[in-house]
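Fair warning: this is a prediction, and the values are worked out from it, not measured in the lab. Computed over heavy atoms, backbone and side chain alike; hydrogens, waters and symmetry mates excluded. Atoms within each ligand, like the ligands themselves, are counted from 1 in listed order.
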Amino acid sequence: MIILPVPGVYRPQADTRLLVQALLDAPLRPGERVLDAFTGSGAVAIRAAAAGAGHVTAVDISRRAAVSARLNAYLHRRRVQVVRRDITEFARGKRFDVVVANPPYVPSPGAPPTTGPERAWDGGPDGRVLLDRFCRALPDLLDHQGYGLIVHSEVCGSESTVRMLREGGLKAAVVVRQRIAFGPVMNARARWLESAGLVEPGQQHEEVVVIRADRTRP
Ligand SMILES: C[S@@+](CC[C@H](N)C(=O)[O-])C[C@H]1O[C@@H](n2cnc3c(N)ncnc32)[C@H](O)[C@@H]1O
């Protein structure tokens with residue numbers, strides 16, 4: 001699927017593709033209400049709509065991302081409701097059958113930025129600022145028997161994600177793992193990641209994981 005790149009918006013890459021594949025394998029059932037929580041270009045939301053979702057909502061805090069998601073949905077002739085909002089504010093009081101998320105998760109010195117392209121990937125000193133916020137929000141976003149799929153690097157700790165989701169009452173486990181070479185952001189930051197003890201000296205690969213979390217209780 002060709003997604004039109006808009007400058008300053010996260011281009012679909014290995015983690016995007018892993019999340020799409022996990023969604024298609026889940027499998028997505030026809031008619032389900034899907035939320036793409038950090039939509040960026042809209043790539044995952046559009047694939048959900050193409051796979052038969054009943055209603056797709058795509059949320060992103062960035063104006064450029066919202067424009068990009070609308071444009072790509074239009075070009076692919078898929079109906080996606082795009083909302084420009086902070087996901088944790090948007091989430092209150094809403095329920096979905098499926099929630100997919102590729103949050104910013106790359107460890108970065110200092111707090112995650114509030115503007116600029118780095119907002120798409122910088123996740124704060126342990127990479128978990130947005131991830132933790134989202135893990136706390138997910139249980140209330142899922143309808144009975146709904147499930148969530150979250151993709152992130154093992155560098156920011158899949159055990160923490162699984163534990164938080166279980167503490168929120170969800171059944172959670174890693175369902176996909178893929179080893180990939182560091183991209184430009186991780187390469188540029190490798191020394192800092194080493195000094196922070198987040199990667200081994202000389203490490204040039206990371207494991208990207210998809211975590212599935214099911215709401216089994218009403
Ligand atoms: C890693 S990109 C994922 C893009 C796309 N889903 C993909 O898989 O290719 C993360 C996206 O989260 C957005 N974002 C960052 N903080 C956010 C927040 N608090 N609420 C909603 N979106 C946010 C960024 O603007 C960026 O587009």
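In this structure Arg212 satisfies the side chain to side chain donor-acceptor pair (under 3.5 Å) test together with Asp214, sequence neighbours excluded. With sequence neighbours excluded, the residues forming a salt bridge (Lys or Arg N to Asp or Glu O under 4.0 Å) with Asp132 are Arg128, listed by chain and number.
For ligand 1, the atoms lying closer than 4.0 Å to a non-hydrogen atom of Gly40 are 4 (C), 27 (O). When each atom of ligand 1 is checked for a heavy atom of Arg85 under 4.0 Å away, the hits are 20 (N), 21 (C). The Leu130 neighbourhood of ligand 1 comprises atoms 19 (N), with distances under 4.0 Å to a heavy atom of that residue. Taking every heavy atom of Pro104 and a limit of under 4.0 angstrom, the matching atoms of ligand 1 come to 15 (C). Close contacts of ligand 1 with Ser62, meaning ligand atoms under 4.0 Å from a residue heavy atom, involve 25 (O).
Donor-acceptor pairing under 3.5 Å is recorded for the side chains of Thr161 and His152. When only modelled atom types and interatomic distance are considered, Tyr10 and Asp15 share a side-chain donor-acceptor pair under 3.5 Å.
At least one donor-acceptor pair closer than 3.5 Å links the side chain of Asn72 to the backbone N or O of Leu4. Remark: side-chain polar atoms of Arg95 are paired, donor with acceptor, to backbone N or O of Asp140 under 3.5 angstrom. Under a 3.5 Å cut-off, the side chain of Glu207 and the backbone N or O of Ser153 do not form any donor-acceptor pair. Formation of a donor-acceptor pair under 3.5 Å by the Arg177 side chain with backbone atoms of Val208 is not found in this model. Using modelled atom types, one side-chain atom of Arg215 and one backbone atom of Arg217 make a donor-acceptor pair closer than 3.5 Å.
Residue Ile87 places at least one N or O, backbone or side chain, under 3.5 Å from an N or O of ligand 1. Close N/O approach between Thr16 and ligand 1 is found [any backbone or side-chain N/O within under 3.5 Å]. Residue contacts with ligand 1: Asp60 is placed with a nitrogen or oxygen under 3.5 Å of a nitrogen or oxygen of the ligand (distance criterion only). By the 3.5 Å distance cut-off applied to N or O atoms, Arg11 is not counted among the residues near ligand 1.
Protein heavy atom in closest approach to atom 1 (C) of ligand 1: Ala120 O, 3.1 Å. Asn102 ND2, 2.9 Å is the protein heavy atom nearest to atom 8 (O) of ligand 1. Regarding atom 6 (N) of ligand 1, its nearest protein heavy-atom neighbour is Phe38 O, 2.7 Å. The protein heavy atom nearest to atom 16 (N) of ligand 1 is Ile61 CG2, 3.8 Å. Summary of contacts: the protein heavy atom closest to atom 5 (C) of ligand 1 is Thr39 O, 3.3 Å.
Summarising the local packing, NZ of Lys171 is surrounded by 12 or fewer heavy atoms from other residues, nucleotides or ligands at distances under 6.0 Å.
At a 4.0 Å heavy-atom cut-off, ligand 1 does not touch Arg133 at all.
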